[in-house]
Amino acid sequence: MLYREAGQFKTTYAEDMAIFPIRQDRIALGILLGIAFIGVPLLATFHVWPFAGDYLLWAILLPFLILALAAIGVNILVGYCGQISLGSGAFMAVGAYSAYKSGTGVHIPLAWLGFAISIPPLPVLASILLGGLTAAVVGILFGVPSLRIKGLYLAVATLAAQFFFDWVFLRVPWFTNYAPSGSVNAPALNFFGLVIGTPIERYLLCLTFVTVFAVLAKNLVRGNLGRQWMAIRDMDIAAELIGIRPLYAKLTAFAVSSFIVGVAGALWAFVYLGSWEPLAFSIDRSLQLLFMVIIGGLGSIMGSFVGAAFILILPIMLNLIPTELGVPLSTETITHLEFIIFGSLICYLLIKEPHGFARLISIGKEKLRLWPFPY
Amino acid sequence: MIALGQFLEVLIGGLMSGVLYSLVALGFVLIFKASGVFNFAQGAMVLLAGLALVRSLDFLVAEGFPLWAAIIIGIGFAVVIMAITAWLIERLVIGPLVNQDGLTLFMSTIGATFILEGAAQMIFGSDAYPLRLFPTDAWFLFESLFPGGILVNKLDVWGGFIAGILVAGLAIFFQRTKTGRALRAVADDHLAAQSVGIPINWIWFVVWLVAGLVALVAATVWGTKLGVQYSITFLALKALPVLIIGGLTSVPGAIVGGLIVGAGEKIAEVFLGAYIGGGIEYWFAFVLALAVLLVRPQGLFGERIIERI
């Protein structure tokens, strides 16, 4: 009854092509953004349940936002352009480490030329974006094989990026500023004189990034470029025949996707972790991101958020349940049980709804339009 | 100056460990050929098979069985476990997902990996268990030709020997037996195979069983080398570049790819590693695979991919 679009007439082309053509969607999104931007910080400031401690903000909302951003990036590549990537973790790492390098000052000694290139430390915002740009360049490099191979072959090829960068950041001391332990600390988060420190400030920072990039991504995939990607995904040969350049379409998808993933990596390192080592961006991270995208729904920005929430929160819940119920199990057994339940749920979801939560949401919307009279 | 003897030693060592990669890669190829599923769970299956074998062996020996009886019963037990696993995976995971696209199937095998890893460690324990089925000492060959001779690990020779028998056995199975022929028919075209009366679910069960047995063989050799432990699952990742180099659909490709990767990474580690920092074994195979893909997208022995609109 509430969700009816009857009476909402579109009189201009622009209205017809709006991101959210239905008024109820706009209102719902407005409320959601209002809660996220004003409600949550207010509750957190006054320590109202469920924000009594920082736990919810630190351990759930912050990683959720950053990983959702990364999932949007992966979704552009995998969901919209159809190029499977198992190297997202590596692109996050590239973003994080190049942001770190540019945030702490780049010094390249060119001993054989007799001089060194030194760049002073850049502001944090610039280094985060530069991290994204570097990731985009690396993404293009590792996207080149996609012009010749596709599907699972490409998935394995992107694994090369994953293992190569794991090794680079572990073994080349230049990237970690010769830190003896291999672990590095992020510079202070100083945005134009405003130092970000408390969990609430960090949350708002990430939320801003995620909102901006989600809107950008949504608009990209609705436009010319996004349609080219989708044409390539649906059938690349046919797309080529109707005049879409695979080179351009695939490499832009790699570039945009890696840019977003790189920015997410820089945020993950700077805002969430604070100090990190290469292990933070291992193959597990890549698989986790791919799961988020597939469970959430391929080719859906909204799905990325739902998928990220599901994959992130499920293990936490699984971890909490036995403790809450007071079942006497050793931590080892709980870890293994978690593995089993997580795997089973993934398989179950894939069998029941291979198109992910995004499909469930759209089915729900259809049902809602007819409710309470299903005819 | 690099001595010829050292080079040969590294080469032989590399080739032998390459055989072990091939053992894991074989399991992938079998399943991919027959059902088009890219089975990420192969590494977890190696872990499960290894744990089932080593734990039952330990148990039986502790109960006072003679070693030969323990080995036979232990292997039988592991085979039964792998059969049950194959049946469950076919029934619960792959069966309901027939006709989905490759990515969904791939992700479902990652889900299966989690289940298998969790279940295997929960049932059989999660420590590192030593497995001693093969001798692990070394031979020194050609001591007259090279100073110090060439060190060859006996276990590696055993591994090569077993891999040879396995491949011969598989070749006979695929070429001569009725089930083997049905398998190849299913690999060519699911629908056509079904329409001439081949029970496709049974065939898929057989494929997963065979992959499980290959995993068991891989587990015995790897388990003797490294001990049966969780890190054995990462072998699955090591086997991926082997597949790519050899071609996803080719059994000889898996063998040759394994040899190339094994020899290549050992030689690169020993002779290049000194210059650019150690540990390049970690990614060398993948970069090699990437290079092969750029030249031959279907791998060295893979079937040419022909696409129609």
Side-chain angles (χ1 to χ4, degrees), chain A residues 78 82 84 86 142 144-145 147-168 170-173 235-238 241 283 287 290-291 293-295 298 332-352 354-356, chain B residues 32 38 40 89 92-93 95-97 100-123 125-126 234 237 240-241 243-244 248 276-291 293-299 302 305 307-309:
Chain A
V78 183
I84 307 172
L86 286 176
F142 279 88
V144 170
L147 302 173
R148 294 214 52 175
I149 52 177
K150 54 183 138 190
L152 297 166
Y153 281 89
L154 182 65
V156 177
T158 53
L159 267 183
Q162 180 68 50
F163 285 100
F164 181 69
F165 284 108
D166 274 2
W167 176 83
V168 163
L170 200 64
R171 293 298 180 117
V172 182
M235 184 170 274
D236 52 352
I237 299 178
L241 287 177
I283 173 89
L287 289 178
L290 200 56
F291 266 132
V293 170
I294 290 180
I295 296 290
L298 287 169
E332 206 173 76
T333 321
I334 290 178
T335 319
H336 296 153
L337 262 181
E338 236 180 89
F339 264 61
I340 297 176
I341 297 174
F342 185 71
S344 320
L345 275 175
I346 296 284
C347 288
Y348 179 77
L349 267 175
L350 284 172
I351 291 166
K352 282 292 157 200
H355 300 283
Chain B
F32 189 79
F38 196 84
F40 200 78
I89 288 183
L92 300 178
V93 182
L97 281 171
Q100 294 296 341
D101 60 285
L103 182 59
T104 308
L105 287 165
F106 173 61
M107 295 313 282
S108 73
T109 63
I110 299 183
T113 309
F114 282 112
I115 303 178
L116 286 181
E117 281 172 4
Q121 295 188 72
M122 199 162 87
I123 298 170
S126 51
F234 296 112
L237 294 174
L240 292 180
L243 288 175
I244 294 297
L248 272 179
I276 55 172
I280 59 174
E281 268 191 281
Y282 190 59
W283 52 265
F284 179 80
F286 283 92
V287 175
L288 191 68
L290 203 59
L293 278 176
L294 283 176
V295 185
R296 270 184 77 86
Q298 71 273 36
I305 308 156
E307 284 188 71
R308 296 182 185 86
I309 290 190

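Letters go in sequence order (proteins before strands), and every chain restarts at 1.
Annotation: ring-ring contact (aromatic ring centres under 6.0 Å, His included) contacts of A/Phe142 (sequence neighbours excluded): A/Phe165.
Residues B/Leu116 and B/Ile89 form a side-chain contact, since some pair of their non-hydrogen atoms from C-beta on lies under 4.5 Å apart. With a 4.5 Å cut-off on side-chain heavy atoms, B/Met107 and A/Leu290 count as touching.
Neither the backbone nor the side chain of B/Phe284 has a heavy atom closer than 4.5 Å to any heavy atom of chain A. For B/Leu293, the parts sitting under 4.5 Å from any heavy atom of chain A are the backbone and the side chain alike. Both the backbone and the side chain of B/Leu240 have a heavy atom closer than 4.5 Å to some heavy atom of chain A. When heavy atoms are compared at a cutoff of 4.5 Å, B/Ala119 approaches chain A by way of both its backbone and its side chain. Heavy-atom distances place no part of B/Leu105 under 4.5 Å from chain A, backbone and side chain included.
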Hey, can you pull the donor-acceptor pairs under 3.5 Å for the side chains in residues 339-351 of chain A, sequence neighbours left out?
| from | atom 1 | to | atom 2 | distance (Å) |
| --- | --- | --- | --- | --- |
| A/Ser344 | OG | A/Ile340 | O | 2.5 |

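Separation of the A/Phe164 and B/Trp283 ring centroids falls under the 6.0 Å cut-off.
When the candidates B/Gly118, B/Ala289, B/Ala285 are compared by the number of heavy-atom contacts under 4.5 Å with chain A, B/Gly118 comes out ahead.
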